[in-house]
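Below is one structure, written out as structure tokens; comments come after it.
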Amino acid sequence: MLKKVLIANRGEIALRVVRACKELGVASVAVYSDADAHAPHVREADEAVRIGPPPSSESYLLGNEIIAVAKRVGADAIHPGYGFLSERDWFARAVREAGLVWIGPPAEAIAAVGSKTAARTLAVAHGVPVVPGTTEALRDASEASAIAKKYGFPVLLKAAAGGGGKGMRVVRAESEIAGALDAARREAKNAFGDDAVYVEKYIEGPRHVEIQVLGDSHGTMISLGERECSVQRRHQKMIEEAPSPAVSPELREKMGAAAVRFARAAGYTNAGTCEFLLARDGSFYFLEMNTRVQVEHPVTELVTGVDIVQWQIRVSSGEKLTIPPRIVPRGWAIECRITSEDAENGFLPSTGRISYLHVPGGPGVRWDAGVEAGSEVGLFYDPMLAKLIVWGATRAQAVERMHRALLELMIDGIETSREFHLRVMEDAEFRAGAIDIQWLERRLPSLLGAAPTDAEVRAAAIAAALIADAERAGRGASAAASGAGNDNAREDSPWAKVARAEGLRVL
Ligand code: ADP
């Protein structure tokens with residue numbers, strides 16, 4: 001077994017890896033930028049080393065420095081988490097060449113599937129269906145027009161090096177092609193340093209369904225089933241669940257087999273995810289493979305009982321996978337990404353100090369967070385603060401439980417996506433599982449303009465009582481709201497928190 005793992009990441013995923021290490025009896029080493037000196041992942045790791053100032057280009061992206069730190073502290077492996085250096089094949093190779101274990105797939109496998117066009121070519125060669133389209137970079141707008149006419153509008157222009165929804169443009173008519181191609185290329189060049197863009201048929205109303213695979217270095221590769229990630233805004237996932245309401249056991253078997261076939265063809269080991277579009281008619285198309293642990297891995301953990309991050313470490317140590325090849329999901333799990341974004345204001349990023357945090361608890365609730373009360377939230381990194389994950393025996397129970405857990409959650413000091421998630425859990429279409437990748441964009445206006453819920457009405461009543469109380473005491477409403485003065489209305493009194501968190505905004 002590995003003895004000491006350095007974690008080249010931050011936030012909730014760094015803490016997730018620290019926890020896996022502790023449970024396996026493996027020492028953990030955190031690295032951090034100045035912005036994260038007091039972060040939970042730094043405190044919880046057995047050792048922590050500063051690597052630089054806040055910008056990730058001067059800290060979390062400094063691969064060679066991170067490898068040097070690992071050597072210096074005597075770590076025998078590096079876990080990259082997701083984002084940052086996790087899908088850079090040069091980094092995986094450099095780790096290996098430094099005599100360290102890379103907790104991820106071989107550098108060659110990352111390179112083989114790193115470009116969307118290369119992955120599409122590999123998929124086609126191994127009988128894995130892909131969205132109709134091209135595999136070559138477009139030369140110019142007239143070539144794009146000719147291809148679009150062949151497949152029929154709408155089409156999607158996509159960056160070969162793409163990720164995070166960047167460098168993608170839907171084109172619905174010929175007149176839009178030149179502008180969209182320019183924009184996609186510019187965005188791709190800025191984000192990935194590579195402006196290669198190709199064409200796919202734009203599929204209307206599909207679901208995003210992905211398969212988690214896990215493989216060891218002894219030739220075993222298995223599927224852990226699917227996750228439904230259709231609740232997306234601007235091609236970014238907001239809510240994920242496992243299993244998918246649209247996947248039957250037969251379809252699970254078929255998609256799992258395709259994902260395993262693709263992973264084997266790529267020479268894959270460790271944890272990875274094959275993303276597919278599932279069309280309304282039940283046909284599915286391979287999109288890409290993510291060669292790392294995913295943000296949404298916990299929903300799979302909750303319905304399979306498999307600790308994916310522990311297995312990443314175990315297979316990297318040379319252990320054999322001992323998980324049965326055909327796992328039937330048990331119950332239902334849902335994850336909400338809690339971000340520092342103000343949904344009511346166009347998801348504007350919010351910054352500041354988390355002055356108060358109450359974490360939900362009770363049956364079936366899991367909280368994976370990179371922040372705590374007192375944390376400063378800035379603009380240097382991704383706005384995801386935490387993941388709230390619940391398990392229920394049925395989808396309906398999981399939805400109710402998520403709603404209840406979101407009501408318990410209180411975060412003061414910054415705006416978050418909490419209320420957005422509450423609205424989704426209350427939405428009849430979401431509750432019926434009638435979602436696709438365009439659902440959220442369609443639904444957002446009515447979701448955010450929704451009438452106050454029972455819980456809000458209750459909280460508003462509490463707040464009104466509080467204010468009336470304060471007024472009787474001669475202090476005025478603003479004193480009650482800001483919590484100045486007497487004991488009951490103090491900033492940290494539970495009444496003030498409820499009023500602030502839920503009620504006052506409604507008033
Ligand atoms: P990225 O790597 O940037 O995340 P993906 O290829 O994974 O890009 O696509 C991101 C999202 O964009 C998908 O989850 C899906 O919602 C949407 N999408 C991608 N390709 C298509 C397509 N051909 N038709 C319709 N929607 C698509």
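All heavy atoms count here, side chains included; hydrogens, waters and symmetry mates do not. All ligand and atom numbering here is 1-based and tracks the order in the structure. Quick note: residue numbers are just sequence positions, from 1.
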Self-check item: Donor-acceptor pair between Y60 and D36 side chains, under 3.5 angstrom
Solution: yes
**Message:** Treating R234 as the side-chain partner and G165 as the backbone partner, does any N or O pair qualify as donor plus acceptor under 3.5 Å?
**Reply:** no
Sorted by chain and number, sequence neighbours left out, ring-ring contact (aromatic ring centres under 6.0 Å, His included) with F192 holds for none
Output for ligand 1, non-hydrogen cut-off under 4.0 Å, lists K116, V131, L156, K158, G162, G163, G164, G165, K166, M168, E200, K201, Y202, I203, H208, Q232, H235, E275, L277, L287, E288, I437
_Counting only heavy atoms not in K201 (residues, nucleotides, ligands), do more than 12 fall under 6.0 Å from its NZ?_
yes
Taking the six-membered ring of W90 (Phe, Tyr or Trp), confirm whether the NZ or CZ of R93 is under 6.0 Å from its centre and within 45° of its axis. no
Minimal heavy-atom distance between I110 and P105, with the atoms involved, is CG1-CG, 3.8 Å
